[in-house]
Student: 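Let me begin by handing over the structure; questions about it come next.
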Amino acid sequence: MFAALLTALMWTVSSVASARAAATIGAARANRQRLFIALTLLAVLSLWCVDWRWNTASWWFVLSGAVGLGVGDLALFGAYRRLGARLPALFTHTLAAPTAALLEWLWLGAAPTWPEAACGVVILTGVALALAPKERAHIPRGVFWSGFAFSVLSALGLATSAVLSRKANSLGLASHAFVPGLDMATLRNLGGVALVLAVWPWERLHRRLTDGGQVADYRRGWAWLVLSGVVGPGIGVVCYQVALTHAKAGPVQAVVALVPLLVIPLAWRVEGDRPGIRALMGGLLGVGGAVAMALVHT
């Protein structure tokens, strides 16, 4: 489970770095450019380290990346720009667990069990506590709810991406075409880059919606941008895919679900975002529910 723990640590750092990059460069712009950074890094490593050929499962990993790193992370960066790192990390990583269970039920026919449903209720209770007016009094109402909406869309993207990756893994096993973790990460980033390039013309026409008309400040944001790309869709996704090849999805997701708690001290230190007692209780409940759901789903 070392790879899963490393994933959680990488994604924790990426959450704060991404929030800073979104604040200084713009949400859509920062997400697009960090994916280019990650894809370049992974493509070089993949060509150097792995002898691998394109196969049927590859298309599903590309689609998984388009949904997760493209749509999901674009929405997540929109939430970061509005709310900082802590709340989007909580909403996305906790809501993704019950959303993935629901999608598996609708698509693959795997109905959630009563323990999983109970965990879903615990997660939603924790999120409700974090939504309490007292915990968001410093954020304008419109900004908060738009950030929450982006977080929900991000959770949907993350959950859908996870289900698509499961489909890709099953196809790879069925056809005896193993895809190494490094190449899984490269393919997913390829899908993410393809998606953000496809929506780039729309983004340029609607920049006020995606980036709020923000002018990029690379002098303050370039280091955060590079750090976000390297440790998020770069090293973090590689560790995540490696973890999934050596352990069941449930325990891996249980470890990764710790990200919202690990983000709290880092966001407090870097952004000055000090959570209230109700927000801490909500975070503990939400993460506890996500961990429990991942474990009972094993």
Student: Is a side-chain N or O of Ser64 found less than 3.5 angstrom from the main chain of Trp60, in a donor-acceptor match?
Tutor: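 A pair under 3.5 Å: no.
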Student: Do the side chains of Trp145 and Val127 join up, straight or via other hydrophobic residues, at under 4.5 Å, putting them in one cluster?
Tutor: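 Yes: a chain of side-chain contacts under 4.5 Å links Trp145 to Val127.
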Student: Going by the rule side chain to side chain contact (heavy atoms under 4.5 Å, CB included), which residues pair with Ala162 if we only count those two or more places apart in sequence or in a different chain?
Tutor: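 Ala162: no side chain to side chain contact (heavy atoms under 4.5 Å, CB included) contacts found.
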Student: Can you measure from CG (Leu5) to SG (Cys239) and round to the nearest 0.5 angstrom?
Tutor: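 Answer rounded to 0.5 Å: 10.0 Å.
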Student: Any pair with a residue in residues 217-236 that passes ring pair (Phe, Tyr, Trp, His ring centres under 6.0 Å), sequence neighbours left out, goes on the list, sorted by first then second residue, please.
Tutor: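 Matches after skipping sequence neighbours: none remain.
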Student: Roughly how far, to the nearest 0.5 Å, is the CG atom of Leu9 from the OG atom of Ser14?
Tutor: 12.5 Å
Student: If you look at every heavy atom in Ala257 and Val291, which pair is closest and at what distance?
Tutor: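 The answer is CB-CG2, 4.1 Å.
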Student: Going hydrophobic residue to hydrophobic residue with side-chain gaps under 4.5 angstrom, can you get from Leu280 over to Val287?
Tutor: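 They do share one cluster, since a chain of ILVMFWY contacts under 4.5 Å joins Leu280 to Val287.
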Student: Say you draw a straight line from CG of Leu6 to CE of Met10; how long is it, rounded to the nearest 0.5 Å?
Tutor: 5.0 Å
Student: Apart from Tyr80 itself, which Ile, Leu, Val, Met, Phe, Trp or Tyr residues share its cluster (side-chain heavy atoms under 4.5 Å, direct or through members)?
Tutor: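 ILVMFWY cluster around Tyr80 also holds Leu76, Phe77.
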Student: Please report the closest heavy-atom contact between Ser15 and Ala85, naming both atoms and the distance.
Tutor: O-CB, 3.7 Å
Student: If I compare all heavy atoms of Pro233 with all of Ser228, which pair ends up nearest, and what's the gap?
Tutor: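 Taking every non-hydrogen atom into account, CD-O, 3.3 Å.
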Student: Is there a side-chain contact between Phe150 and Leu83 in this structure, where contact means two heavy atoms from C-beta onward sitting under 4.5 Å apart?
Tutor: no
Student: With rounding to the nearest 0.5 Å, note down the distance linking OG1 in Thr186 to CG in Leu42.
Tutor: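 Atom-to-atom, Thr186:OG1 and Leu42:CG are 4.5 Å apart.
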Student: Residues two or more places apart in sequence or in another chain: which of them pass side chain to side chain contact (heavy atoms under 4.5 Å, CB included) with Leu195?
Tutor: Ala66, Val71, Val199
Student: Could you check whether the rings of Phe148 and Phe144 sit parallel, tilted or perpendicular, using 30° and 60° as the cut-offs?
Tutor: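 Because their plane-to-plane angle is under 30°, the rings of Phe148 and Phe144 count as parallel.
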Student: Report the residues that fulfil side chain to side chain contact (heavy atoms under 4.5 Å, CB included) with Thr99, sequence neighbours left out, ordered by chain and then residue number.
Tutor: Leu103, Leu156, Ala159
Student: Looking at residues at least two apart in the chain, or sitting in another chain, which of them share a side-chain hydrogen bond (donor to acceptor under 3.5 Å, both in side chains) with Thr125?
Tutor: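 Partners of Thr125 under the side-chain hydrogen bond (donor to acceptor under 3.5 Å, both in side chains) test: none.
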Student: Ignoring hydrogens and geometry, is there a side-chain-to-backbone donor-acceptor pair from Arg20 to Val16 under 3.5 Å?
Tutor: no
Student: Without hydrogens or angle criteria, can the side chains of Arg220 and Thr24 be said to hold a donor-acceptor pair below 3.5 Å?
Tutor: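 No donor-acceptor contact under 3.5 Å links the two side chains.
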Student: Going only through I, L, V, M, F, W and Y residues with side-chain contacts under 4.5 Å, is there a path from Leu197 to Leu35?
Tutor: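 Linked within one cluster.
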Student: Nearest 0.5 Å, please: how far is CG in Leu258 from OG1 in Thr7?
Tutor: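 Going from the OG1 atom of Thr7 to the CG atom of Leu258 covers 11.5 Å.
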Student: Rounded to the nearest 0.5 Å, how far does SG of Cys119 lie from CH2 of Trp114?
Tutor: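 One finds 13.0 Å between CH2 of Trp114 and SG of Cys119.
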Student: Hey, does Glu271 have a side-chain heavy atom less than 4.5 Å from the side chain of Arg86?
Tutor: no
Student: How close do Leu285 and Gly126 get, heavy atom to heavy atom, and via which atoms?
Tutor: CB-CA, 3.8 Å
Student: Tell me the salt bridge (charged side-chain N to carboxylate O under 4.0 Å, His left out) pairs involving residues 56-80, sequence neighbours left out?
Tutor: Arg34-Asp73
Student: Test side-chain contact (heavy atoms from CB on, under 4.5 Å) on Trp11 and Val237 and set out the steps.
Tutor: CA-CA 9 Å; Trp11 285 0; Val237 172; 4.3 Å; yes
Student: How would you list, by chain and number, every residue that makes a side-chain hydrogen bond (donor to acceptor under 3.5 Å, both in side chains) with Ser151, sequence neighbours excluded?
Tutor: none
Student: Is there a chain of hydrophobic side chains (I, L, V, M, F, W, Y, each step under 4.5 Å between heavy atoms) that links Leu158 to Val163?
Tutor: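 No, Leu158 and Val163 fall in different hydrophobic clusters.
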Student: Quick one: closest heavy-atom pair of Ser161 and Val67, and the distance?
Tutor: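 Shortest heavy-atom separation between Ser161 and Val67 comes out as N-CG1, 4.2 Å.
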Student: Could you tabulate the donor-acceptor pairs under 3.5 Å formed by side-chain atoms of residues 88-95, not counting sequence neighbours?
Tutor:
{"from": "Thr92", "atom 1": "OG1", "to": "Pro88", "atom 2": "O", "distance (Å)": "2.9"}
{"from": "Thr92", "atom 1": "OG1", "to": "Ser154", "atom 2": "OG", "distance (Å)": "3.3"}
{"from": "Thr94", "atom 1": "OG1", "to": "Leu90", "atom 2": "O", "distance (Å)": "2.5"}

Student: Who pairs with Val62 by side chain to side chain contact (heavy atoms under 4.5 Å, CB included), at least two apart in sequence or on another chain?
Tutor: Trp54, Leu187, Leu190
Student: May I ask you to test the Leu87-Ile139 pair for a side-chain heavy-atom distance under 4.5 Å?
Tutor: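 When only atoms from C-beta onward are counted, Ile139 and Leu87 do touch, with a gap below 4.5 Å.
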Student: Considering only distance and modelled atom types, tabulate donor-acceptor pairs under 3.5 Å from the side chains of residues 261-269, sequence neighbours left out.
Tutor:
none

